[in-house]
S.K.: 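My questions will all concern the structure given below.
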Amino acid sequence: MAGNARYNGKNTWEEWSQDWQNEDRYNFRTIENKWQKIWEDEKAYKVDIDHNRQKFYALVEFPYPSGAGLHVGHPRSYTALDVIARKKRMQGFNVLYPMGFDAFGLPAENYAIKTGVHPAVSTKANIANFTRQLKSLGFSFDWDRCFNTCDPEYYKWTQWMFIQFWKHGLAYKDKMAINWCPSCKVGLANEEVVNGHCERCGTEVIRRDKEQWMLAITKYADRLIDDLEKVDFIDRVKTTQINWIGRSEGAELTFELTDNSGSNLGKPMVVYTTRPDTTFGVTYTVMAPEHRFVKELMNNYTNATEVQKYIEETAKKSELQRTSDTTKTGVELKGIKARNPFTGKLIPVFISDYVLTGYGTGAIMAVPAHDQRDYDFAKVFNLPIVQVLAGGDISKEAWEEDGIHINSGFMDGMDKKDAMAAAIKFAEDEGFGHSKVNFKLRDWVFSRQRYWGEPIPMVYCEHCGWQPINESELPLTLPDVPDYRPNDNGDSPLANATEWVNTTCPKCGGKARRETDVMPNWAGSSWYFLRYCDPHNDKEFASKEALNYWMNVDWYNGGMEHTTLHLLYSRFWHKFLYDCGYVPMPEPYNKRTSHGMILAADGEKMSKSRGNVINPDEIVETYGADTFRLYEMFIGPFDQVAMWSEESLNGVYRFIGKVYGLFKKVYADKDIQMCADDLRAMHKCILEVTERIDQMKFNTAVSSMMTYVNYLSEMEKIPATMYETLLRLLCPFTPHLAEEMWARLGHTSLIIAESWPVGDAKLAQEDMVTLAVQMNGKMRGTITIAKDAAKADAEAAALKLDNVARQLEGVTIKKIIVVPNRIVNIVV
RNA sequence: GCGGAUAUGGUGGAAUUGGUAGACACGCCAGAUUUAGGUUCUGGUGCUGCAGGGCGUAAGAGUUCGAGUCUCUUUAUCCGCACCA
């Protein structure tokens with residue numbers, strides 16, 4: 001017999017207590033290891049469906065298992081929700097708090113290119129390391145539900161979902177100009193381009209025509225905005241998503257293109273505008289250089305060479321060059337005109353790179369009087385500027401505010417609202433336009449020309465076009481390849497796996513080729529929270545029963561940087577599954593919060609190159625997991641950036657030592673009476689900690705406990721109830737310490753399964769209160785009187801104060817304001 | 001340029017939401033114990049005056065008996081988006 005683990009190998013509590021009674025120092029290393037082993041052996045955090053208990057699903061973003069290991073930023077989020085999960089558990093909820101790994105991604109692949117180590121091998125090692133680190137911090141994850149996205153048993157379902165997208169027409173292949181990172185040799189989604197640079201490696205992104213798989217997220221744009229009303233997301237997240245989706249209401253109007261004499265060329269140019277009411281002020285039109293009409297009408301231009309040259313120059317410009325240089329350039333398409341449908345006048349047509357091909361219709365009507373960009377362009381090309389809204393001074397700049405319409409025919413005298421309605425009605429009646437909603441959001445570029453991702457389960461057949469493989473053949477596993485390097489043609493390394501690529505068409509049985517691009521690293525994370533509900537299911541991605549019980553995620557915490565990436569993608573993905581009837585609710589997350597970043601002590605981001613990275617392993621080694629956890633909660637307001645400080649960490653370490661030291665003063669006698677002050681201190685602490693955890697004010701929750709511990713330190717002897725209450729409150733933050741001291745009090749149960757204390761507001765109340773006494777709002781002293789004393793008593797007591805009486809000499813009291821239990825203000 | 005946030009001691013930060021500004025912690029100072037030392041304990045610590053007192057929440061104005069908190073103006077820093085018609 002190895003003895004009882006809880007008693008460090010001793011068989012009885014008595015044997016064990018002989019040992020620890022001699023210990024002066026809190027031996028966190030032994031103690032933390034001991035409890036982690038016990039929790040693991042007893043599967044203390046394993047959960048199952050239990051219809052008799054209310055569920056609570058707490059979720060944190062699963063990490064990418066990088067070679068660098070856990071960053072001190074990760075535990076900020078994980079500890080916060082661990083605290084919440086543990087408290088909910090103690091409050092009787094059936095809590096699901098899972099962890100997994102988002103294991104596909106470029107770093108493993110780049111590492112493979114450098115070293116030849118297969119990404120599966122390095123990823124596996126990294127996952128093992130992450131798991132060890134996470135376990136060393138004592139998080140209450142249900143490890144039985146852990147999975148990673150590069151496991152075929154998992155990505156089988158990612159592929160299956162892709163096929164469902166395809167079947168519903170939401171996955172399509174399209175040749176288009178995409179963002180291309182020349183260093184990673186990979187296409188990027190809009191969301192992955194930061195200031196014209198690759199989000200991963202920082203290389204300037206260029207534009208490149210490529211055939212890409214796309215997911216039609218724009219079909220959900222409206223619902224992605226509207227349904228934000230149904231969920232409890234912090235405002236920052238909501239507004240960022242709304243701005244990113246960029247809904248705008250306006251109209252599409254058709255401008256006929258004509259030759260110089262005014263005969264129609266059969267090219268109705270459709271423009272998008274948010275201000276159809278200003279059409280009387282349109283003095284020219286502009287098409288994006290890539291607009292198909294520009295090429296189609298090439299023979300009509302008298303300056304075709306110049307036009308051609310401009311088109312080529314634009315194509316060469318990177319996204320960054322194109323957007324950073326705001327001086328207007330362009331070329332008039334000489335030989336053609338556009339007819340303003342409101343005035344009938346013929347106006348010039350230009351091409352310019354300030355008109356974007358991907359937004360609206362790729363063509364605009366220019367109102368230089370009321371749009372600064374059009375104004376700038378008109379100045380460069382000396383075009384007429386016609387004011388149609390009263391106000392401003394258009395000789396200096398465009399007037400972009402509202403105003404009464406002038407020079408606008410039937411709209412003269414109208415305000416914006418009436419004129420908008422009138423303009424759209426006119427366009428509809430005359431058949432050249434209609435109202436239209438547009439979005440900045442683009443469809444999701446879903447192909448990556450790389451290796452380490454989910455293979456896209458599609459094949460191309462000469463006869464049948466693109467076809468999905470049979471669902472019974474899933475998972476389509478990633479083949480081994482000898483060389484992971486992508487090539488400059490933009491082919492995936494998979495293109496060289498000839499045997500794998502050549503296959504048969506699932507429809508006609510003829511020769512076919514597999515898609516060699518893989519999915520982006522956002523694919524696996526778009527639905528992982530569903531898998532946690534039923535992670536070992538090999539028949540479905542999750543059973544109906546499990547989804548009905550566990551979904552939605554009740555509380556999801558993660559980084560702001562995912563607001564327009566993972567968070568938006570997964571909401572879209574989930575809505576699609578909902579529309580297909582595969583998930584019970586249209587939104588996956590009830591509540592979303594976000595933590596601030598942790599910066600290095602120098603206020604900079606932690607990075608290898610700066611050499612200011614704090615390694616969590618070293619902190620755990622030197623101070624212990626509890627200190628680390630508690631410090632991350634105490635470091636500052638949870639939603640704001642925080643700077644790492646080893647000195648402050650030391651303060652938390654001292655606090656833990658103090659809690660340990662108090663144990664010696666605890667009365668063995670359980671029935672000892674507490675006085676009113678004791679009860680007040682205890683209940684106040686319970687109420688504060690409870691409330692502050694719910695509000696994520698972890699830093700002040702910790703200070704409440706520090707205040708309580710300071711109170712206990714001043715006592716000669718501590719009633720057991722007071723100390724036990726402290727341990728219960730502390731348990732979510734410092735579970736090892738709480739568990740150890742709980743056991744030393746003689747308990748044989750685990751404290752993590754104990755109930756959360758309930759505070760009594762009455763007992764927490766003071767019976768005497770201190771009021772501030774002010775004269776004309778300036779502090780003159782304080783009085784202590786009974787709580788809820790009559791106003792007259794407070795007044796009388798205040799006037800008796802020496803300080804007040806002295807200063808009252810020779811002045812008359814105008815009035816006295818008494819706010820019960822707060823303040824007495826004497827106005828003179 | 002647009003959108004969002006932040007601004008309080010030497011430092012990180014509190015403030016019951018309009019009612020004693022600076023909780024809690026770090027640091028610092030003094031003392032005690034131990035000491036070769038970072039340990040531990042006690043007391044002090046916004047600024048300023050000998051003192052009654054005065055001044056203090058980025059700056060300026062306003063509302064109020066009373067403003068860190070509400071309104072307006074300005075400034076600084078951080079983050080996101082950026083020719084989206």
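Just so you know, these numbers use all the heavy atoms, side chains as well, and skip hydrogens, waters and symmetry mates. The chains referred to below are lettered A, B, ... by the order of the sequence lines, with proteins before strands, and numbering in each begins at 1. Just so we're clear, the structure is a prediction, and the values are computed from it rather than from any experiment.
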S.K.: Atom CD1 of A:Ile242 and atom C1' of B:G80: how far apart are they, to the nearest Å?
M.R.: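 Those two atoms, CD1 and C1', are 15 Å apart.
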
S.K.: For the P atoms, the ones on B:U6 and on B:G10, what distance do you get once it is rounded to whole angstrom?
M.R.: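 Pairwise P distance, B:U6 against B:G10, rounds to 23 Å.
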
S.K.: Between the side chain of A:Arg442 and the main-chain N/O of A:Lys440, is any donor-acceptor distance below 3.5 Å?
M.R.: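 It does hold such a pair.
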
S.K.: Measuring only the P atom in each nucleotide, how far is B:G53 from B:A21? A whole number of Å is fine.
M.R.: 15 Å

S.K.: Indicate, with a heavy-atom threshold strictly under 4.0 Å, whether A:Arg780 touches base, sugar-phosphate, or nothing.
M.R.: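 Contact class for A:Arg780: sugar-phosphate only.
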
S.K.: When you measure from the centre of the six-membered ring of A:Phe377, is the NZ or CZ of A:Lys328 under 6.0 Å away and within 45° of the axis?
M.R.: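 Judged by the rule, A:Lys328 and A:Phe377 form no cation-pi pair.
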
S.K.: For RNA chain B, whose closest nucleotide is more 5', that of A:Thr361 or that of A:Gly777?
M.R.: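 The residue mapped nearer the 5' terminus is A:Gly777.
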
S.K.: Out of curiosity, A:Phe655 CZ to A:Asn710 CG, how far, rounded to the nearest 0.5 Å?
M.R.: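 If we round to the nearest 0.5 Å, A:Phe655:CZ and A:Asn710:CG are 8.5 Å apart.
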
S.K.: Ignoring hydrogens and geometry, is there a side-chain-to-backbone donor-acceptor pair from A:Thr361 to A:Val270 under 3.5 Å?
M.R.: yes

S.K.: Under 4.0 Å between any heavy atoms, over every strand shown, what does A:Ile816 touch: base, sugar-phosphate, or nothing? Just pick one.
M.R.: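 Answer is nothing: A:Ile816 stays at 4.0 Å or more from every strand.
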
S.K.: Any base atoms under 4.0 Å from A:Asn825, or only sugar-phosphate, or nothing? Heavy atoms, all strands.
M.R.: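 Base contact.
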
S.K.: Rounded to the Å, how far apart are A:Asp376 CG and B:A85 C1'?
M.R.: 13 Å

S.K.: Are A:Tyr631 and A:Trp644 close enough that their ring centers fall under 6.0 Å?
M.R.: yes

S.K.: With heavy atoms under 4.0 Å as the rule, sort A:Val367 into base, sugar-phosphate or nothing.
M.R.: nothing

S.K.: Provide, to the nearest angstrom, the distance between the NZ atom belonging to A:Lys778 and the C1' atom belonging to B:A67.
M.R.: 12 Å

S.K.: If you measure from the P atom in B:G52 to the same atom in B:G43, how many Å do you get, rounded?
M.R.: 25 Å

S.K.: Using side-chain hydrogen bond (donor to acceptor under 3.5 Å, both in side chains) as the criterion, point out the one residue from A:Asp376, A:Thr329, A:Asp374 that pairs with A:Tyr354.
M.R.: A:Asp374

S.K.: Using the P atom on both, measure B:C70 against B:A7 and round to a whole Å.
M.R.: 11 Å

S.K.: Taking syn as a glycosidic torsion within 90° of 0 and anything else as anti, which one is B:G9?
M.R.: syn

S.K.: Kindly indicate whether the side chain of A:Lys328 and the base of B:C83 share any N or O donor-acceptor pair separated by less than 3.5 Å?
M.R.: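 Check passes, donor-acceptor contact within cut-off.
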
S.K.: What base-paired stems does RNA chain B take part in, with at least 3 consecutive Watson-Crick or G-U wobble pairs and both distances under 3.5 Å?
M.R.: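 Stem list for RNA chain B: B:1-7 with B:75-81, B:10-12 with B:24-26, B:27-32 with B:40-45, B:46-48 with B:53-55, B:58-62 with B:70-74.
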
S.K.: Using a 3.5 Å distance criterion without hydrogens, assess whether the side chain of A:Asn821 forms a donor-acceptor pair with backbone atoms of A:Asp788.
M.R.: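 Looks like yes, one N/O pair under 3.5 Å.
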
S.K.: Verify the ring-centre separation between A:Phe432 and A:Phe342: is it less than 6.0 angstrom?
M.R.: yes

S.K.: If I take atom OG1 from residue A:Thr283 and atom CG from residue A:Leu383, how far apart are they, to the nearest 0.5 angstrom?
M.R.: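 Between atom OG1 of A:Thr283 and atom CG of A:Leu383 there are 6.0 Å.
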
S.K.: Starting from P on B:A85, measure out to NZ on A:Lys436 and report it in whole angstrom.
M.R.: 13 Å

S.K.: Please name the pair of heavy atoms, one in A:Ala600 and one in A:Met643, separated by the smallest distance, quoted to 0.1 Å.
M.R.: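 Reported closest heavy-atom pair: O-CG, 3.5 Å.
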
S.K.: For the C1' atoms, the ones on B:C78 and on B:C55, what distance do you get once it is rounded to whole angstrom?
M.R.: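 The answer is 31 Å between these two C1' atoms.
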
S.K.: Reading nucleotides 22-44 of chain B from the 5' end, what letters show protein touch, with B for base, S for backbone sugar-phosphate only, - for no heavy atom under 4.0 Å?
M.R.: -BBSSS------------S----

S.K.: If you assign A:Gly360 and A:Thr240 each to the RNA chain B nucleotide with the nearest heavy atom, which residue ends up on the more 5' nucleotide?
M.R.: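 On the 5' side of the pair lies A:Thr240.
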
S.K.: Give the rounded distance in Å between these two atoms: CD1 of A:Ile635 and C1' of B:U11.
M.R.: 13 Å

S.K.: Report the distance from atom CD of A:Glu691 to atom P of B:A14, rounded to the nearest whole Å.
M.R.: 15 Å

S.K.: Looking only at the side chain of A:Gln774 (C-beta and beyond, no hydrogens), which of the listed nucleotides B:U17, B:A85, B:U20 gets closest?
M.R.: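 The answer is B:U20.
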
S.K.: In whole angstrom, give me the gap between the P atoms of B:U40 and B:C50.
M.R.: 38 Å

S.K.: Starting from P on B:G19, measure out to CD1 on A:Ile823 and report it in whole angstrom.
M.R.: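 So the two atoms are 9 Å apart, to the nearest Å.
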
S.K.: In whole angstrom, give me the gap between the C1' atoms of B:U57 and B:U69.
M.R.: 10 Å

S.K.: Say we look at B:G44 and B:G62: how far apart would their P atoms be, to the nearest angstrom?
M.R.: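 My reading of the P atoms in B:G44 and B:G62 gives 40 Å.
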
S.K.: In Å, rounded to the nearest 0.5 Å, how long is the span from CG of A:Leu771 to CD1 of A:Ile783?
M.R.: 4.5 Å

S.K.: Whole Å only: how far is the NE2 atom of A:His370 from the P atom of B:A85?
M.R.: 17 Å

S.K.: What's A:Ser248 touching, base or sugar-phosphate or nothing? Going by heavy atoms closer than 4.0 Å.
M.R.: sugar-phosphate

S.K.: Test your reading of the model: is there a side-chain donor-acceptor pair from A:Arg629 to the backbone of A:Thr79, 3.5 Å cut-off?
M.R.: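 Pair absent, no side-chain N/O of A:Arg629 close to backbone of A:Thr79.
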
S.K.: Side chain of A:Tyr272, heavy atoms from C-beta onward: which of B:U17, B:A85, B:G4 has the nearest atom to it?
M.R.: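 Nearest nucleotide to the side chain: B:A85.
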
S.K.: Using the purine O4'-C1'-N9-C4 or pyrimidine O4'-C1'-N1-C2 torsion, is B:U17 syn (within 90° of 0) or anti?
M.R.: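 Syn for B:U17; the angle stays within 90° of 0.
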
S.K.: Need one value for A:Arg822: base, sugar-phosphate or nothing, where a base atom within 4.0 Å counts as base even if backbone is also close, heavy atoms only.
M.R.: base

S.K.: So, is A:Tyr354 near the phosphate of B:A85, with a side-chain N or O under 4.0 Å from OP1 or OP2?
M.R.: no

